[in-house]
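Take a look at the structure set out below.
Residue numbers start from 1 in every chain, and the chains themselves are labelled A, B, ... in the order their sequence lines are given, proteins ahead of strands.
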Protein chains: 2
Amino acid sequence: MSETAAPSRRELNKTANRDAIAAAALELLRSRGMGEFTVDDIAATAGVSRRTFFNYFSSAEAAIASFTQKYLDSVIEQLLRRPSDEPLLESAQHALTAVGSPRDLALLAETYALTQNHPQLSRYQLQAWDECSTSIIAAATNRLGKVDDELYLHALVGSIIASGRAAMEVWFQQRGPDTSETSLAILRQLLFDAVGHLRSGFNP
Amino acid sequence: MSETAAPSRRELNKTANRDAIAAAALELLRSRGMGEFTVDDIAATAGVSRRTFFNYFSSAEAAIASFTQKYLDSVIEQLLRRPSDEPLLESAQHALTAVGSPRDLALLAETYALTQNHPQLSRYQLQAWDECSTSIIAAATNRLGKVDDELYLHALVGSIIASGRAAMEVWFQQRGPDTSETSLAILRQLLFDAVGHLRSGFNP
DNA sequence: CCGTGATTTGCACAGAGTGCAAAGTTGCAC
DNA sequence: GTGCAACTTTGCACTCTGTGCAAATCACGG
C-alpha cells in the first residue's frame, strides 16, 4: 500500500542533514548542558554552516524538541493503525505505549530530563505535545466526519495528551535522569496508567 | 485574615511600572499586530528604558502572556476559596467560570485571539497554562498532604487545564476575535461544559 | 557535458538579552 | 531634615539570534 516512496538523493541529503544537526544539538546538550552552547557550536559540530542550521530549525531549542516531536509522530502513526471502531481512549492508551520505536521513547525521556529548568526549551516541548493534540483532533475529525460536538473532542484529546505529560512528569520525579531499560518500562507503565485513570473517569 | 499587606511606595512603583509595560505591549499588539513592534517600541510607549523592560519581562511575548497569567492566577485564587471538601473537578468548574475579574477573562480572550499564528507567543501562553497546572497540583498536595497517587493527581489536574484550553480553542473557532459581553458569556459556558465533560468521564 | 532548479553558504544587518557600573530613589534611624 | 544603606533605573557594551539576499555549489534529466 503506502510505500515510503521516492528516496531521491536530494531527499536523502536533506534528512541526513537534519538528523546530523539534531544529533549535534543533542550531543552538545549532553556534554555541556542547555544554555552552554550556541547555534554556531551546533552548526560546527554538525559540519554545516550557521545559515544552513536555520534552514532546518528556527532555534537551538527547536532542534532539541525535534526528538519529542519524533516520538509524538510515532504515537500518531500507531494511533492511525488502530481499528477505527475502537474507542479513542483505548487506542490512545496503546499508541502511547507501543514500542514501535524504542529509541524514540528513550530520546523523549532523555531530552525531557535534560530540559528541566530551561524555560525556553520547556516551551518548545509543550508546543510539541500541543501540536500532537491538534493532529489527533484533525485525524479524528477526518475519520468521523464533521463532529457534532467540537468541545467534547477537543477536551477529550487534550486530556489524553495531558495524561501523557503527567506520566512524563511523575516518571521524572521518581526516576530522575535514569533512562535504563527498566526505567523506560516504568515510564511506559505510567503512560498506560495515566490514560487508564482518564478511561475510568478519574473514579478511584 | 490574609490582608494584602504592605503597599509601600517601592511596591507601588513596581507594580505600576509592570502594569504600564504590559499595557504598552498590549496597545502595540492591538494597533500593529504581533511581530510588528520591538522591545524598544514597548519601552518607549511605557516611558521606561529598554533595560528596565528587561528587568520586568524576559521578552515581548512574556509581557503579552502576563494577561493570561493574570487570569489564571485569579482562577487559582477562586479555587482556593472553594470548600476544601468539595471534589476538585467541581471546584475547578466554578473557579474557571467565576467572574471574580471580568476584565481578566476579557483580556485572556483578546490576547488569545491576537495570538493566532505567532508560534513564540503561543508557546508563552502554553507555558502559562502549564504553570497553572503546577500551582494547582502544589496547592492540592499542600491541602491533602503527601498524596498517595501522584500520577492520578497530575493527570487529573492536567486534564482540567486541557479542558480549559479546549474551551478557549473552540470559542475562538466559533467566535473569532469577538470579545463582546455576549461572546464572553459563551466562553464561560464553554469553560463550564468542557470541565463538565471531564466530570462525566467523557461518557455521552 | 550542460542547463535548470534546488540547496548551501557567506555576508550584512536589525534586534534580543545580559553584565556591569553610574546615577537616581526610597526607607529608615538619628 | 540629614545622611546613609538598600534598592531601582538607566546607559553602555557586548555576544548571540534570526533573516534577507545573492553568489556558489550540487543534483538530476536530457
For atom CD1 of A:Ile21 and atom P of C:dT7, their distance in whole Å: 13 Å
Non-neighbouring partners of A:Glu169 that pass salt bridge (Lys or Arg N to Asp or Glu O under 4.0 Å), sequence neighbours left out: none
Toward the 5' end of DNA chain D, by each residue's nearest nucleotide, B:Arg10 or B:Asn17: B:Arg10
Counterpart residues, salt bridge (Lys or Arg N to Asp or Glu O under 4.0 Å), relative to A:Asp193 (two or more places apart): none
Heavy-atom contact window of chain B on DNA chain D, given 5' to 3' at under 4.0 Å: D:dA6 to D:dC12
Least distance between heavy atoms, B:Ala95 atom then B:Val75 atom: CB-O, 3.6 Å
Gap between atoms CG and C1', on B:Asn13 and C:dT25 respectively (whole Å): 8 Å
Side-chain donor-acceptor pair present, B:Ser183, B:Ser180, cut-off under 3.5 Å: no
Partner set under salt bridge (Lys or Arg N to Asp or Glu O under 4.0 Å) for B:Glu131, not counting sequence neighbours: none
Under the side-chain hydrogen bond (donor to acceptor under 3.5 Å, both in side chains) test, residues paired with A:Arg32 that sit two or more places apart: A:Asp41
Polar contact flag, side-chain donor to acceptor under 3.5 angstrom, A:Gln125-A:Thr115: yes
Distance-only polar pair, side chains of A:Thr68 and A:Tyr124, donor-acceptor under 3.5 Å: no
Neighbours of DNA chain C within residues 40-64 of chain A, by heavy-atom distance under 4.0 Å: A:Val48, A:Ser49, A:Arg51, A:Thr52, A:Asn55, A:Tyr56
